[in-house]
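Presented below is the structure to which this report refers.
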Protein chains: 2
Amino acid sequence: MSKRYLRSIRLLSECMQLFEQASNRNVRQFGCTPAQFDIIATLGNTPGMTCKELGEKTLITKGTLTGVLDRMEQKGLVQRERGDGDRRQLFVKLTPQGEATFSEIFPKVVHAGEQRFSGYTDSDYCDLEQALSKLKKHLNEN
Amino acid sequence: MSKRYLRSIRLLSECMQLFEQASNRNVRQFGCTPAQFDIIATLGNTPGMTCKELGEKTLITKGTLTGVLDRMEQKGLVQRERGDGDRRQLFVKLTPQGEATFSEIFPKVVHAGEQRFSGYTDSDYCDLEQALSKLKKHLNEN
DNA sequence: TATTGTTATACTCTATAACTATA
DNA sequence: TATAGTTATAGAGTATAACAATA
């Protein structure tokens, strides 16, 4: 019987869409596409990382990543550097301007999102985290 | 303190991505894009609906929807009809071929997704549904 | 005047595969 | 041979605004 499964998946997808729709609109108002914001948020507060690592964290495939990074480089948000070790790897990091964008936008986006959780109690968070942690573990294993 | 919020949102997004990545790959193997599958799944087992209604259910904006429906019409999956009532509205429904595609693909996609929940107990489902229902309600209200 | 859906524009993401350069 | 990243290609989704037909 797949009713139970469908109900859960539908709920998961509805929650994600409800959240993302508002969040994406918010991000775009700051002049970033969702993918670009994802990269800024991933690179923020790090010394940078290889394209491979960045692709794995953001789930953007390498061919796509090149294009996204090209546009961000044009906007002066990221820079690519050949590292000292393996000369096939490119090291991607935020430029000073990228850092500034991160510092300015990230807290605002987080704050706007957090507003939607106002009234969520400790135990609400706890239940949600537990249920989602279990789901994540399960999805990773199956 | 936004740590709690960030942790929950990160988990939500990770679960969704883990699930969607596999599901989208699966859907594409059947020759549909995720958006097209979304529309087929929404129209399946219904007499059809207006573009407006379809857009609301799938969260595809009207300008985009026209393009998606164009491609699906070309593939012979959907048809658009001017209704009897309000003559501004277009009624969208699956063609017989669209119905056949729905009947063939939908169960397979559901089944493949359900596989990843094998081992999920009744109480696991229960916890997940409760946590997500509460979240959905909350997101809708704030 | 407001609403339904289309058109037009410009951009962005996507999958995929072939390619370059290193290893 | 394998890996990191780019290039090339074709298609698809996105936001946005202007528009036609109808209400």
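All heavy atoms count here, side chains included; hydrogens, waters and symmetry mates do not. Numbers restart at 1 for each chain; the letters A, B, ... are given by sequence-line order, proteins then strands.
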> By side chain to side chain contact (heavy atoms under 4.5 Å, CB included), which residues pair with E129(B), not counting sequence neighbours?
Replying inline: R4(A), R7(A), S8(A), L11(A), Y125(B)

> Are any of the side-chain nitrogens in R10(A) or E14(A) under 4.0 Å away from the carboxylate oxygens of its partner?
Replying inline: no

> Side-chain contact, heavy-atom cut-off 4.5 Å: E141(A) with K137(A)?
Replying inline: yes

> With a 4.5 Å limit on heavy-atom distance, are the side chains of D124(B) and L135(A) in contact?
Replying inline: no

> Could you give the CD-to-P distance, from Q89(A) to dA2(D), as a whole number of Å?
Replying inline: 19 Å

> Quick one: L65(B) CG to dG13(D) P, roughly how many Å, whole number?
Replying inline: 10 Å

>> Rounded to whole Å, how long is the line connecting atom CG of L69(B) with atom C1' of dG13(D)?
In response: 13 Å

> Taking CG from D38(B) and P from dA12(D), how many angstroms apart are they, rounded to a whole number?
Replying inline: 16 Å

> Where do E81(A) and K93(A) come nearest, in terms of heavy atoms and distance?
Replying inline: OE2-CE, 3.7 Å

>> Roughly what angle, to 10°, lies between the helix axis at the start of the helix from dT1(C)-dA23(D) to dA23(C)-dT1(D) and the one at its end, five pairs per end?
In response: 0°

>> So does L90(A) get a backbone contact from the side chain of T50(A), meaning a donor-acceptor N/O pair under 3.5 Å?
In response: no

> Do P34(B) and R28(B) have side-chain heavy atoms sitting under 4.5 Å apart?
Replying inline: yes

>> Return the SG to CD1 distance between C32(A) and I40(A), rounded to the nearest 0.5 Å.
In response: 4.0 Å

> Can you check the L90(B) CG to dT7(C) P distance for me, whole Å?
Replying inline: 10 Å

>> Expressed as a whole number of angstroms, how long is the span from L54(A):CG to dG5(D):P?
In response: 10 Å

> Applying ring-ring contact (aromatic ring centres under 6.0 Å, His included), which residue pairs with at least one partner in residues 13-70 of chain A are found, sequence neighbours left out?
Replying inline: none

> Under 4.5 Å between any side-chain heavy atoms of Q36(B) and R71(B), yes or no?
Replying inline: yes

> What does nucleotides 18-23 of chain D look like as a protein-contact string, B for base, S for sugar-phosphate only, - for none, at under 4.0 angstrom between heavy atoms?
Replying inline: ---BBS

>> Using whole Å, what does the distance between atom C1' of nucleotide dT14(D) and atom CZ of F37(A) come to?
In response: 18 Å

>> Evaluate R80(A) against D70(A) for salt bridge (Lys or Arg N to Asp or Glu O under 4.0 Å), listing each step before the verdict.
In response: CA-CA 10 Å; R80(A) 291 183 260 209; D70(A) 284 348; 2.3 Å; yes

Dump every N/O contact between nucleotides 10-15 of chain C and the protein below 3.5 Å, one line per pair.
{"from": "dC13(C)", "atom 1": "OP1", "to": "T33(A)", "atom 2": "OG1", "distance (Å)": "2.6"}
{"from": "dC13(C)", "atom 1": "OP2", "to": "R71(A)", "atom 2": "NH1", "distance (Å)": "2.3"}

>> Using a strict heavy-atom distance below 4.0 Å, which residues from residues 44-53 of chain B are in contact with DNA chain C?
In response: T50(B), C51(B), K52(B)

>> Over all strands shown, is R80(B) touching base, sugar-phosphate only, or nothing at heavy-atom distances under 4.0 angstrom?
In response: sugar-phosphate

> With under 30° as parallel and over 60° as perpendicular, where do the rings of F106(B) and F102(B) fit, or are they tilted in between?
Replying inline: parallel

>> Could you report the tightest heavy-atom contact between T42(B) and M49(B), atom names first, then the distance?
In response: O-CE, 3.8 Å

